[in-house]
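First up is the structure itself, then whatever we jot down about it.
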Number of protein chains: 2
Amino acid sequence: MSLPHAILTALLEKPSSGLELTRRFDRSIGYFWSATHQQIYRELGKLEADGLIRALPSQQPARGQKKSYDVLPAGRAELARWTSASQDPKPHRDTLLLRLRAAAVVGTAGLETDLRRHLELHERQLAEYREIEQRDFPPGRDGTEDRLRHLVLRAGIDLETFWTQWLRRALADFAELPDGEPV
Amino acid sequence: MSLPHAILTALLEKPSSGLELTRRFDRSIGYFWSATHQQIYRELGKLEADGLIRALPSQQPARGQKKSYDVLPAGRAELARWTSASQDPKPHRDTLLLRLRAAAVVGTAGLETDLRRHLELHERQLAEYREIEQRDFPPGRDGTEDRLRHLVLRAGIDLETFWTQWLRRALADFAELPDGEPV
DNA sequence: ACGGTTTATGCAACTAGTTGCACAAGGTGA
DNA sequence: TCACCTTGTGCAACTAGTTGCATAAACCGT
C-alpha cells in the first residue's frame, strides 16, 4: 500500500496534474516505485475523496482539462506517519534468477542472449543514474533534503553496479559451460 | 506469470506435495520467488488441469491427505520454453527507498530505528546465504548445475552485501543530520 | 474549417498476489 | 477416550497492479 504515499511525496515536492505525475513517475520516483497513469488517476481520486489532497481550483474540471493537485495537512500527516512506521521488507521476486535456476534443470539454451540484453539495459540505467548524480548532486551541497535524495540515488547506482557486475560474471561462467541441454 | 515456472522448477528438482513445496519456497526458491501455500495449491491445481504435472498415485486423494506431484514432459517443455524466451526486467518497487525520499520532505523522525532493524535483517540473511554457500558449494565442485545454482546464490549474497553496506552508510549519514522535521 | 496528432483524463475488465478462514486426519497427553 | 495440537489441503474474498480502450480538448498544418 505504498502508491498513495509515493504520490503524496511527489505532490509535496511539487503540486502537479495527473499527467505531470505520470511523467515524473517515469523518471525519478518510478526508479524505485513505478506506476502507470491509470493507477495514478485512480489513486488521485481516492486521495481527494479521503481529504488528503485537493484539486487546485485553477480551471473548470472537465475531461481533457488539466487538473492540478496539492497536498492538504491531513495528507502530509499521513505521509509522516507512514514514513516513520516500522515496515517489514517485502520479499523480492526476480524472474532472471528464477530462470537461471530453471536453466540448471532444463538447460541453458537461449538464455545467454537475454543475459546480454539485460546487461545492456542495466549499463544504460547505470549511466543515466551517474548523469543525474553529476547534474543534481555536485560536490559541496549538503542540505538535509539533498543528502537524503542523494542517498536514494546512491542505492540506485549501487544496485545497477551490482547487476552489471553479476551479469558479466554470469556471462563469463556461461562461456565455460558445455552449452545446450543437460538432463 | 512466473509462479507456475517456479513450481515446475522446484518439482523437477524433487517431486513434492503442496506442503513440501511451501516449505521449500520458504527456504531456497522463495529467496527470489516467494509464494504462500494458497498460491501454491491453487497453481498446482491449474498445472495439473493443464497436463503439465500429475499427482503421484501413492495415496487416495482425500482432504488432509498428502498428495505428491511430478512434472510431465509437457511441463518440462513449457519450462524450457519460458526459460529461453526473452523477458523484460520488471520495474523494482522498494518501500524503504520511497520512505527515505518521503523523509526528505516530511522529516526523518522515527526512520532511523527502522533502518537499524532492516540492517539487522539483511545481516542475518547474508549470514544465512554464506552458510549455505559453505555447506552446498565447497571449492572444487563444478558441474553445470552446481555452477548455475552457485551463480544464483552469489546474486543473493551480493545483493545482501549491497544492502548492509548501503544501510550502514545511510545510518552514518543520519548521525550527521539535524534530526526531526524539516519544512 | 477540416482532419490528424498530441495532451490529458478516465472506465472496465483482467491477472497476480494476500489474508482469513475452514476442514480433515493423525498424533499426544490427561 | 476425548480434548487439543499439528500437519496438510483448500475455498472465498480482498487488494494491488496491468491492459486495453474511450473520450475530450487543444494545437497545427493545409
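In what follows, chains are A, B, ... by sequence order, proteins preceding strands, each numbered from 1. Please read all numbers here as calculations on a predicted model, not as lab measurements.
Applying the 4.0 Å criterion to OP1 and OP2 of D:dA16, one finds that A:Arg42 has every side-chain N and O outside that range. The shortest distance between the side-chain N/O atoms of B:Gln39 and the OP1/OP2 oxygens of C:dT18 is below 4.0 Å. Contact annotation: B:Tyr41 does not reach the phosphate of D:dG10 (side-chain N/O to OP1 or OP2, under 4.0 Å).
At the heavy-atom level, A:Ser17 lies under 4.0 Å from the strands shown only through sugar-phosphate atoms.
The separation between B:His37 atom NE2 and D:dG8 atom C1' is 10 Å, rounded to whole Å.
Residues A:Leu52 and A:Val71 have side chains not in contact (no heavy-atom distance under 4.5 Å, counting atoms from C-beta outward).
One cannot find a donor-acceptor pair under 3.5 Å joining the base of C:dG17 and the side-chain atoms of B:Glu43. Contact annotation: side chain of A:Gln38 to base of D:dG20, donor-acceptor pair present below 3.5 Å.
Checked against the 6.0 Å centroid criterion, the rings of B:His92 and A:Phe32 do not qualify as a close aromatic pair.
In terms of position on DNA chain D, the residue among A:Lys46 and A:Thr36 whose nearest nucleotide sits closer to the 5' end is A:Lys46.
Under the 4.0 Å criterion applied to side-chain N and carboxylate O atoms, B:Glu112 and B:Arg116 are assigned as salt-bridge partners. Remark: A:Glu13 engages A:Arg149 in a salt bridge, criterion side-chain N to carboxylate O under 4.0 Å.
Interface residues of residues 85-101 of chain B facing DNA chain D, ordered by number: B:Arg93; criterion, heavy-atom separation under 4.0 Å.
Partner of A:Leu8 under the side chain to side chain contact (heavy atoms under 4.5 Å, CB included) criterion, out of A:Leu3, A:Leu79, A:Leu72: A:Leu79 alone.
Relative ring orientation between B:Tyr41 and B:His37 is described as perpendicular, the plane-to-plane angle rising above 60° on a 0-90° scale split at 30° and 60°.
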